[in-house]
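For reference, the structure discussed in these notes is given below.
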Number of protein chains: 2
Amino acid sequence: MKELETQKIADLLKALGEFNRLSLVYELCQCNTPQNAMCLCNCCSVDASVASRHLKVLKQEGIVTLEKNGRERTYALNRGYVAKSLRLLADKIENNNGDSDE
Amino acid sequence: MKELETQKIADLLKALGEFNRLSLVYELCQCNTPQNAMCLCNCCSVDASVASRHLKVLKQEGIVTLEKNGRERTYALNRGYVAKSLRLLADKIENNNGDSDE
DNA sequence: AGCATATTTGCACAAATATGCAAGTATAAT
DNA sequence: ATTATACTTGCATATTTGTGCAAATATGCT
């Protein structure tokens with residue numbers, strides 16, 4: 001149970017912790033409108049298939065959301081979820097929350 | 001330059017984004033006193049050599065600090081740095097800070 | 001010096017991961 | 001129906017990564 005939670009946050013961090021994937025996230029971060037995958041694969045200079053796979057990972061982790069518009073798929077950053085998760089971890093690390101041994 | 005920064009935060013996240021390494025961080029997070037590596041290798045059930053290597057990675061990323069006391073090395077979590085880095089990223093992701101395109 | 005404890009390093013290896021290309025699928029346009 | 005666009009998926013592959021064991025190193029103890 002604790003393990004599951006640890007694994008989940010580890011997976012989130014791992015998904016973010018790869019250069020091209022983080023570049024995609026940054027790219028999405030700068031545009032307020034959802035972007036399609038083709039646009040995104042330009043931001044890091046990789047094959048479309050590579051961008052596609054990275055976006056799949058990001059989606060699986062809930063970092064981005066996907067919407068299908070005709071033949072194009074637009075991705076949007078799940079800002080709230082990612083920010084919240086990161087802050088939760090930051091709080092835990094900084095405050096050693098609750099558990100006060102000293 | 002931007003790339004370097006992206007790479008740096010990616011490396012930090014990658015270091016945190018592995019189950020056993022994150023477990024070590026959590027373990028260090030709960031103890032306010034620095035812990036030696038032997039103690040730490042018990043928290044995740046891995047060989048001492050494995051814990052040693054993970055701690056090395058964490059140290060390289062500035063996540064933990066090392067202090068030598070005689071033959072034992074005690075590690076302490078660099079709470080401030082890690083928390084600050086995570087919050088910075090959270091802010092960036094949530095606020096699309098400054099850069100207002102639409 | 002000799003032994004015990006704490007930790008790191010060399011080696012081997014299996015599993016995961018990132019990548020590109022080519023082929024496949026889906027949908028829109030003509 | 002044919003063609004074009006926007007992806008995704010199936011290989012093949014090269015690289016990285018996590019792991020354990022055994023040996024090496026470092027330091028303290030007697």
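For the segment residues 10-24 of chain B, the set of residues with a heavy atom within less than 4.0 Å of an atom of DNA chain C is empty. Of all the residues in residues 52-63 of chain A, A/Ser52, A/Arg53, A/Lys56 reach under 4.0 Å from DNA chain D with at least one non-hydrogen atom.
For B/Val50, the listed nucleotide lying nearest its side chain is D/dT19; candidates were C/dA6, D/dT19, C/dC21.
Using a 4.5 Å cut-off on side-chain heavy atoms (C-beta onward), A/Leu16 and A/Val82 make contact. Side-chain contact between B/Leu89 and A/Tyr26 is present, with heavy atoms from C-beta onward closer than 4.5 Å. Under the 4.5 Å side-chain criterion, counting only non-hydrogen atoms from C-beta, A/Asp11 is in contact with A/Gln7. Within the 4.5 Å cutoff, side-chain heavy atoms of B/Asp91 are placed close to those of A/Arg87.
The main-chain N or O of A/Ala48 is never found under 3.5 Å from a side-chain atom of A/Ser52 such that the two would form a donor-acceptor pair. Side-chain atoms of B/Arg21 never come within 3.5 Å of backbone atoms of B/His54 as a donor-acceptor pair (strictly under, hydrogens ignored). The main-chain N or O of A/Ile93 is found under 3.5 Å from a side-chain atom of B/Arg79 such that the two form a donor-acceptor pair.
Taking atom CG of residue B/Leu66 and atom C1' of nucleotide C/dT7, one finds them 11 Å apart after rounding to whole Å. Rounded to an integer number of Å, the gap from CD of A/Glu67 to C1' of C/dA26 is 17 Å. Computed from coordinates, the B/Lys68 NZ to C/dT7 P distance equals 11 Å when rounded to whole Å. In this structure, B/Asn42 atom CG and C/dA6 atom P are separated by 11 Å, rounded to whole Å. Nucleotide C/dT19 holds its P atom 10 Å from the CG atom of A/Asp47, rounded to whole Å. Atom CD of B/Glu72 is separated from atom C1' of C/dT7 by 11 Å (rounded to the nearest Å).
Residue-to-nucleotide contacts include no donor-acceptor pair under 3.5 Å from the side chain of A/Ser49 to the base of D/dC7.
By the criterion of side-chain heavy atoms lying less than 4.5 angstrom apart, applied directly or through intervening Ile, Leu, Val, Met, Phe, Trp or Tyr residues, A/Phe19 is not grouped with B/Val57; the two fall into different hydrophobic clusters.
For A/Arg73, a side-chain nitrogen or oxygen approaches OP1 or OP2 of D/dT8 to under 4.0 Å. In terms of phosphate contacts, A/Asn36 brings no side-chain nitrogen or oxygen within less than 4.0 Å of OP1 or OP2 of D/dA6.
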How far apart are the C-alpha atoms of B/Thr74 and B/Leu66, what are their side-chain angles, what is the distance that settles it, and do they pass the side-chain contact (heavy atoms from CB on, under 4.5 Å) test?
CA-CA 6 Å; B/Thr74 54; B/Leu66 166 66; over 6 Å; no
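For the pair A/Val46 and B/Ala48, nearest-nucleotide mapping onto DNA chain C gives the more 5' position to B/Ala48.
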